[in-house]
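Counting starts at 1 for both ligands and their atoms, following the listed order.
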Amino acid sequence: MVNILHIDSSPRGERSHSRELSKEFVSGWRAAHPEDAIVYRDLGHYPVPHVDETWIAAAFSPPETHTPELTEALRISDQLIDEFLAADRYVFGVPMYNFNIPSTFKAYIDQIVRANRTFAVDAQGFRGLVEGKKAVIITARGGDFSPTSPAAPYDFQEPYLRTIFGFIGLTDIQFINANSLNAGDARTQSLLEARAAIQDAIAQW
Ligand SMILES: Cc1cc2nc3c(=O)[nH]c(=O)nc-3n(C[C@H](O)[C@H](O)[C@H](O)COP(=O)(O)O)c2cc1C
């Protein structure tokens with residue numbers, strides 16, 4: 001049995017393409033693997049808090065020195081990291097906002113990228129602690145950021161997500177990028193291609 005963590009981060013509901021596509025992946029996966037456990041988190045509608053000064057003081061001090069206030073400051077982060085580490089695989093639906101990810105997804109990343117929980121620092125430098133897991137990240141973009149597009153260099157979404165998840169050790173990531181969703185004619189074709197990529201990914205994941 002595989003444990004899957006499915007996260008959406010669009011603030012939109014029914015009109016969200018990233019939600020629709022991540023749901024399609026998870027529904028298809030569930031149909032093929034009914035024994036697997038899927039945990040769902042909706043960052044778009046239920047954002048997690050930003051880190052604050054107390055959080056930082058707690059995260060960068062030894063747990064045995066923590067006052068009740070510092071312990072409390074990390075409570076949500078601890079829960080999110082426990083949930084993250086309990087999963088073997090991840091399915092993320094992520095809109096492109098201003099060439100990058102929505103702030104709700106960034107706030108989540110800030111909560112789960114934590115020293116001694118998801119990465120370690122030693123004499124050799126930084127080392128990711130999230131090992132042996134894999135992810136499918138489905139992005140939704142209004143414009144075309146495909147590799148041959150003139151706008152490709154403006155895609156800070158996929159490179160950023162590869163970098164930050166790679167930093168904590170999660171390097172096996174497949175991206176399914178739905179481009180051109182604000183362009184009437186191209187949108188239909190783009191969604192068709194994303195759906196085909198989802199079916200392929202389900203078969204091969
Ligand atoms: C605040 C905001 C910023 C956006 N920035 C970009 C952008 O930089 N590049 C782009 O191609 N589309 C951009 N879009 C369009 C979205 O990426 C597109 O509508 C996508 O479908 C949103 O995901 P969703 O359908 O899951 O909500 C932006 C939309 C919003 C609301």
Side-chain angles (χ1 to χ4, degrees), residues 4-31 38-52 80 83-84 87 89-113 133-167 170 172-202 205:
I4 295 175
L5 176 59
H6 173 202
I7 295 181
D8 278 322
S9 55
S10 174
R12 300 204 291 180
E14 294 291 308
R15 297 165 72 199
S16 161
H17 295 295
S18 61
R19 271 179 200 276
E20 185 188 0
L21 294 171
S22 77
K23 188 173 165 190
E24 191 158 323
F25 184 98
V26 168
S27 304
W29 184 266
R30 190 180 272 130
I38 301 174
V39 169
Y40 181 63
R41 179 168 288 281
D42 185 348
L43 296 173
H45 292 153
Y46 304 98
V48 298
H50 290 111
V51 302
D52 59 14
L80 293 171
E83 178 183 83
F84 189 83
R89 299 187 186 195
Y90 308 97
V91 179
F92 299 148
V94 189
M96 177 183 276
Y97 276 6
N98 297 313
F99 308 111
N100 209 314
I101 59 174
S103 59
T104 49
F105 202 71
K106 180 60 164 56
Y108 174 77
I109 288 171
D110 290 345
Q111 291 282 358
I112 65 161
V113 176
K133 308 192 189 246
K134 48 187 179 175
V136 167
I137 300 182
I138 301 170
T139 72
R141 295 102 174 265
D144 180 11
F145 297 83
S146 57
T148 54
S149 157
Y154 296 94
D155 175 8
F156 292 89
Q157 189 184 35
E158 177 172 337
Y160 171 67
L161 291 171
R162 282 197 187 281
T163 301
I164 191 60
F165 284 120
F167 177 73
L170 175 56
D172 186 342
I173 305 176
Q174 181 177 352
F175 275 83
I176 298 173
N177 297 322
N179 287 290
S180 305
L181 297 177
N182 287 354
D185 292 350
R187 180 199 297 141
T188 308
Q189 181 60 26
S190 188
L191 287 172
L192 277 175
E193 287 172 11
R195 292 208 164 90
I198 284 170
Q199 294 312 316
D200 286 349
I202 290 170
W205 207 33

Do any heavy atoms of Tyr154 fall under 4.0 Å from ligand 1?
no
Over 60° means perpendicular and under 30° means parallel, so tell me whether Trp205 and Trp29 are parallel, tilted or perpendicular.
perpendicular
Ligand-side contact atoms (ligand 1) for residue partner Phe145, heavy atom cut-off under 4.0 Å:
9 (N), 10 (C), 11 (O)
Is Arg195 salt-bridged to Glu20, going by a charged N under 4.0 Å from an acidic O?
yes
How close does the nearest protein non-hydrogen atom get to atom 5 (N) of ligand 1, and which residue and atom is it?
Asn98 N, 2.8 Å
Aromatic rings Phe92 and Phe105: how do their planes relate, parallel, tilted or perpendicular, breaks at 30° and 60°?
perpendicular
Could you walk me through whether Asn179 and Ser146 pass side-chain hydrogen bond (donor to acceptor under 3.5 Å, both in side chains), step by step?
CA-CA 7 Å; Asn179 287 290; Ser146 57; 4.8 Å; no
Suppose I only count heavy atoms of Leu181 and a 4.0 Å limit; which atoms of ligand 1 are within that range?
21 (O)
Less than 3.5 Å between some nitrogen or oxygen of Phe99 and one of ligand 1, yes or no?
yes
Starting from atom 19 (O) of ligand 1, find the nearest protein heavy-atom neighbour and note its residue, name and distance.
Asn182 OD1, 3.8 Å
Which heavy atom of the protein is the closest neighbour of atom 31 (C) of ligand 1, given with residue, atom name and distance?
Tyr97 CE1, 3.6 Å
Closest non-hydrogen protein atom to atom 20 (C) of ligand 1, residue and atom name please, with distance?
Ala140 O, 3.7 Å
Given the side-chain rings of Phe84 and Tyr90, with only the six-membered ring counted for Trp, is the space between their centroids under 6.0 Å?
yes
Atom 18 (C) of ligand 1 - nearest protein heavy atom and its distance
Gly142 N, 3.7 Å
N/O separation below 3.5 Å, Pro95 to ligand 1
no
If you take all heavy atoms of Arg19 and Gly13, which pair is closest and at what distance?
CD-O, 3.6 Å
What are the two closest non-hydrogen atoms of Leu181 and Ala140, and how far apart are they?
CD1-CB, 3.6 Å
Is Arg12 touching ligand 1 with its side chain, its backbone, both, or neither, if touching means heavy atoms under 4.0 Å apart?
side chain
Between Phe25 and Ile138 the two heavy atoms that sit nearest each other are CB-CD1, 4.0 Å
Report the member of Arg141, Met96, Arg187 with the shortest heavy-atom distance to atom 13 (C) of ligand 1.
Met96
For atom 11 (O) of ligand 1, closest protein heavy-atom neighbour:
Gly143 N, 2.7 Å
Purely on distance, is any nitrogen or oxygen of Ser10 under 3.5 Å from one on ligand 1?
yes
I'd like to know if Arg41 and Asp8 make a salt bridge, using a cut-off of under 4.0 Å between side-chain N and carboxylate O.
no
